[in-house]
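Both ligands and their constituent atoms are indexed starting at 1 by order of listing.
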Amino acid sequence: MPDATTTLGGIGHSVKRKEDPRFLRGLGKYIDDVKLPGMLFMDIVRSPHAHARILSIDSSEALKVPGVVAVVTGKELEAAGLHWMPTLMSDTQMVLPTDRVCYQSQEVACVLAEDRYAAADGAAAVQVEYEALPPILDPIKALEPDAPLVRPDKDKKSNHIWHWEVGDREATQRAFDASDVVVAQDIYIPRIHVASIETCGCVASMDRVSGKLTVWMTTQAPHAIRTVFSLVSKIPEHKIRVISPDIGGGFGGKVPVYPGYVCAVVAALVTGRPVKWIEDRSENLQADSFARDYHIHAELAADNNGKMQGLRIKTIADHGYADAAANPSKFPAGLFSICTGSYDMPNAHVEVDGVYTNKPPGGIAYRCSFRVTEAVHTIERMVDSLALKLNMDPAELRSKNFIHPEQFPYRSALGWEYDSGNYQAALDKAKAMIGYDDLRREQVEKRARGELMGIGISTFTEIVGAGPSHTFDILGIKMFDSAEIRVHPTGSAIVRIGVQTQGQGHETTFAQIVAEELGLPVDNIEVEHGDTDTAPYGLGTYASRSTPTAGAATAMAARKIREKAMHLAAHLLEVSVDDLEWKDYQFQVRGAPERFKTMADLAFAAYTNHPQGMEAGLEAVCYYDPPNLTFPFGAYIAVVDIDRGTGEVKVRRFVAVDDCGTVINPMIVEGQVHGGLTMGLAPALYEQIWYDEAGNIHGGTLMDYLVPTAMETPRWETDRTVTPSPHHPLGAKGVGESATVGAPPAIVNAVVDALSHLEVTHLDIPITPPRLWRLLQEKGVAL
Ligand code: MCN
Ligand code: CUN
């Protein structure tokens with residue numbers, strides 16, 4: 001007989017996803033499925049230049065295209081004071097330009113038409129006269145004193161945006177002076193793009209009767225967007241409704257506000273008709289927020305035994321023409337300062353400088369909670385460099401430096417308080433799964449035969465769950481999150497949460513939390529989110545924060561309900577609350593377990609038989625402000641074989657042991673890890689966006705931006721350890737990005753390991769076949 005928790009589908013059960021029946025049958029409701037009577041379609045004219053003056057924009061031919069209703073340019077927006085908008089990092093970004101464009105594919109004008117095709121024909125007919133200007137593309141050259149300005153509109157006459165540093169510079173210097181060995185490395189982490197299946201878009205509609213603006217949009221943070229819309233447009237917040245319906249992948253790319261959204265909203269207000277805007281694939285890849293683009297110089301100091309003494313990092317962050325990253329406002333370089341990783345690093349100092357260039361704005365997205373990928377890549381590569389220098393096994397070097405379980409809560413040299421961890425246990429498990437010692441022996445044999453095989457390790461620490469509201473905010477809005485639960489009389493319930501899903505399965509996992517806490521079956525619990533008119537205020541889904549914040553809020557709200565239910569139970573059973581205990585998902589009389597009330601009994605009583613003086617109903621709200629972030633971690637080991645004839649890297653095996661504390665749904669967590677690993681393989685071996693000297697984008701279409709398919713993806717071998725978070729009510733940590741953060745250095749370390757006997761100490765990503773083949777040729781080992 002299944003036990004109570006199996007029937008309930010509570011925490012720890014691989015409940016099948018409630019959202020899948022609609023997705024698998026093609027019945028999801030995405031933005032493009034929103035169709036309103038009288039709806040106009042918008043298309044965008046984009047700049048062919050990376051940097052140019054706009055001499056004129058002639059819309060007359062476009063307006064002659066049958067079906068075209070209007071053309072909107074920056075001049076029109078300027079008249080309404082809407083041609084610039086704030087970014088989430090308090091920078092400014094053009095909605096539409098009035099006089100210059102700052103990157104290739106920048107929005108120049110938008111065309112509104114009766115259908116999508118007329119809009120596209122209209123956009124092609126808009127004539128724009130440009131005077132090309134030399135683009136500034138290299139962020140290092142952009143910092144030279146005589147470099148031309150990307151942003152002449154700014155008071156500061158420099159391409160330097162901000163300087164940020166943390167740690168103790170002098171103490172770190174002393175540690176370096178006193179150390180036996182230092183390894184130093186330049187590491188470039190290139191620009192990449194999330195390439196979610198669904199591109200961005202919106203439908204904006206103004207109801208002329210109620211005066212209410214509704215915007216269906218591909219956003220990961222509907223409430224924050226509504227507040228910012230209200231502040232910028234002066235439309236009262238209750239007259240704005242933002243709905244984030246089914247979303248076909250977010251991965252961070254749907255956190256920022258893009259000019260297209262704003263143009264569509266303005267067009268709906270001006271024309272009085274609903275307006276739909278949906279990006280095409282190249283617009284999505286070329287103009288939307290990108291990730292990474294960090295030029296890193298790192299140094300790691302240690303003593304001869306391999307005990308780390310200090311870490312020093314200097315980074316130039318290329319932010320394109322505007323700092324439109326979606327970081328918490330006090331963290332211009334995100335949580336890059338997690339770069340001391342899983343190691344007990346006594347001293348560290350980190351500096352990051354943000355720089356403007358003629359490229360699309362951004363600097364966060366791609367499944368990474370605020371620059372953690374860059375941090376993890378740096379430290380995991382540096383640890384391997386050190387191992388090579390000391391001629392020490394990289395697993396042994398890691399073990400020597402891990403923070404020990406008894407050191408938690410652990411305060412890092414850069415100021416974080418790690419909540420819990422057991423790094424050695426995860427590494428031991430991964431080593432056992434993959435057969436580490438046998439692989440090392442195999443490598444020796446293969447090397448003797450001239451075959452190139454490598455083993456790479458990454459033992460990373462993540463930092464997710466922003467955030468404690470005393471340090472974390474976005475544009476001043478504090479980063480808490482929320483849940484609201486209402487139990488209906490017949491024992492079913494609705495849960496509304498401030499975060500939402502872009503594919504993570506929240507409709508299932510949040511119901512599981514309530515099932516566990518209240519003893520109601522998961523099938524009877526509906527989860528609703530993404531609609532600002534109904535969901536409680538929350539900051540949205542990114543930075544793997546849903547479980548740490550709204551997950552905690554859901555548990556706490558359920559506990560408030562349980563508290564009230566206990567009083568109802570005491571009333572019904574005619575005992576004092578002190579005589580009751582919550583056991584086997586029921587309130588039982590202590591010592592007389594045959595006298596009990598289930599949550600369904602109590603829900604009914606809450607509406608039909610509640611004691612005089614008690615409020616009717618059974619519902620609760622919680623706004624949860626986490627006391628700390630959560631620090632999930634993992635140990636990954638990759639085995640690669642290099643084809644000496646083609647330079648192709650084949651990932652033969654990949655073992656991923658993750659620890660995200662208490663697991664709510666093991667199947668969903670495994671799915672998150674599988675997807676995350678594939679998104680970690682991608683930048684390691686395939687994906688990159690780069691710009692040529694004229695500022696033309698490369699990697700701006702799926703012809704040359706290589707998203708891995710089932711063909712390239714190895715069979716992931718996953719397992720886990722469980723080290724609960726001591727401060728989360730369920731002990732759970734986030735997991736949504738761990739694999740993307742942890743995987744790339746494991747693969748790079750494996751490739752470098754395969755070539756280490758040829759004096760190869762580092763490779764930048766992506767390690768593509770042509771790049772690697774050239775290196776094999778140089779080393780005289782290419783076939
Ligand atoms: N989970 C769990 N037990 C845990 C931790 C998480 O069962 N201990 C479950 C959660 O309940 C949730 C899922 O795993 O269903 C992910 O939870 P969490 O780690 O809290 O992350 P978020 O829900 O906040 O998701 C955001 C994260 C981010 S930031 C990116 S980027 C990313 C990712 O999720 N984007 C995704 N995974 C994605 N998966 C899909 N399908 N689509 C995206 O856009
Ligand atoms: Cu930065 S990718 Mo996720 O945090 O949405």
Side-chain angles (χ1 to χ4, degrees), residues 11-15 17-20 23 192-198 218-221 246-256 289-292 325-328 334-335 362-374 462-466 481 497-513 516 527 529 538-552 554-555 630 632 658-679 720 722-725 728 730-741:
I11 289 179
H13 293 277
S14 289
V15 173
R17 300 205 320 168
K18 285 167 164 250
E19 38 276 269
D20 282 346
F23 290 153
I192 52 174
H193 195 284
V194 300
S196 50
I197 292 179
E198 181 200 32
T218 45
T219 177
Q220 297 178 224
D246 285 334
I247 299 288
F251 307 112
K254 288 168 181 167
V255 177
S289 204
F290 63 88
R292 326 284 194 247
N327 290 328
L335 308 186
I364 171 168
Y366 199 121
R367 213 163 185 174
C368 152
S369 63
F370 316 130
R371 302 293 192 185
V372 179
T373 317
E374 290 88 327
E462 255 263 72
I463 169 169
V464 302
D481 227 287
I497 48 180
V499 295
Q500 34 103 43
T501 170
Q502 305 105 35
Q504 295 89 342
H506 292 178
E507 288 166 43
T508 310
T509 46
F510 282 75
Q512 287 183 262
I513 296 173
E516 180 71 28
V527 176
H529 48 49
L539 272 284
T541 292
Y542 41 84
S544 302
R545 65 187 295 280
S546 301
T547 304
T549 60
T554 304
T630 66
D658 271 279
D659 192 318
C660 58
T662 307
V663 171
I664 295 158
N665 184 319
M667 178 193 67
I668 286 183
V669 166
E670 200 184 348
Q672 286 292 309
V673 172
H674 277 215
L677 289 171
T678 308
M679 289 184 91
R720 76 176 79 87
V722 176
T723 311
S725 167
H728 186 281
L730 303 170
K733 304 179 180 187
V735 76
E737 298 159 311
S738 290
T740 305
V741 165

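No hydrogens or angles considered: a donor-acceptor pair under 3.5 Å links the side chains of Asp659 and Thr723.
The shortest heavy-atom contact between Ala466 and Phe370 is CB-CE1, 4.1 Å. Among all heavy-atom pairs drawn from Gly363 and Ala325, the shortest one is O-CB, 3.6 Å.
Residue contacts with ligand 1 for Pro666 are absent, since no atom lies close enough (heavy atoms, distance under 4.0 Å). With a heavy-atom cut-off of 4.0 Å, Val735 touches ligand 1 through backbone and side chain alike. With a 4.0 Å heavy-atom cut-off, ligand 1 is reached by the backbone of Thr547 and by its side chain too. Of the heavy atoms in Arg545, only backbone atoms (N, CA, C, O) come closer than 4.0 Å to ligand 1.
Counting heavy atoms from C-beta outward, Ser546 and His506 have side chains that approach closer than 4.5 Å.
Between Gln672 and ligand 1, at least one pair of N/O atoms sits closer than 3.5 Å. Between Ile668 and ligand 1, not a single N/O pair is under 3.5 Å apart. Checked against a 3.5 angstrom limit, the closest N/O atoms of Ile664 and ligand 1 fall inside it. Considering backbone and side-chain atoms together, Ala732 places no N or O closer than 3.5 Å to any N or O of ligand 1. At least one N/O-N/O distance between Asn665 and ligand 1 falls below 3.5 Å. Residue-to-ligand polar distances keep Phe510 apart from ligand 1: every N/O pair is separated by 3.5 Å or more. Remark: ligand 1 and His506 share an N or O pair separated by less than 3.5 Å (distance only, no angle test).
At least one cation-pi condition fails for Arg292 and Phe290: the charged atom is not both under 6.0 angstrom from the six-membered ring centre and inside a 45 degree cone around its axis.
Contact analysis puts Cys660 in contact with ligand 1, with a non-hydrogen atom separation below 4.0 angstrom. Ligand 2 lies within reach of Ala543, whose nearest heavy atom is under 4.0 Å from it. Residue contact annotation: Gly661 has no non-hydrogen atom under 4.0 Å from ligand 1.
Taking every non-hydrogen atom of Tyr366 and a distance limit under 4.0 Å, the qualifying atoms of ligand 2 come out as 2 (S). Residue contact check: Cys368 has heavy atoms under 4.0 Å from atoms 1 (Cu), 2 (S), 4 (O) of ligand 2. Interface atoms of ligand 2 facing Arg367, defined by a heavy-atom separation under 4.0 Å, are 2 (S).
Residues Glu462 and Lys733 are not paired through a salt bridge, judged by the lack of any N-O separation under 4.0 Å between the basic side chain and the carboxylate.
Summarising the contacts of atom 22 (P) of ligand 1 with Gly676, Ser546, Gly12, the nearest heavy atom is found in Ser546. The heavy atom nearest to atom 1 (N) of ligand 1, considering only Val499, Val669, Ile247, Thr630, is found in Val669. Among Ile513, Thr509, Thr740, the residue whose heavy atom lies closest to atom 11 (O) of ligand 1 is Thr509.
Only one option out of Asp658, Ile664, Val663 pairs with Cys660 in a side-chain contact (heavy atoms from CB on, under 4.5 Å); it is Val663.
Looking only at protein heavy atoms, the nearest one to atom 3 (Mo) of ligand 2 is Glu737 OE2, 2.7 Å.
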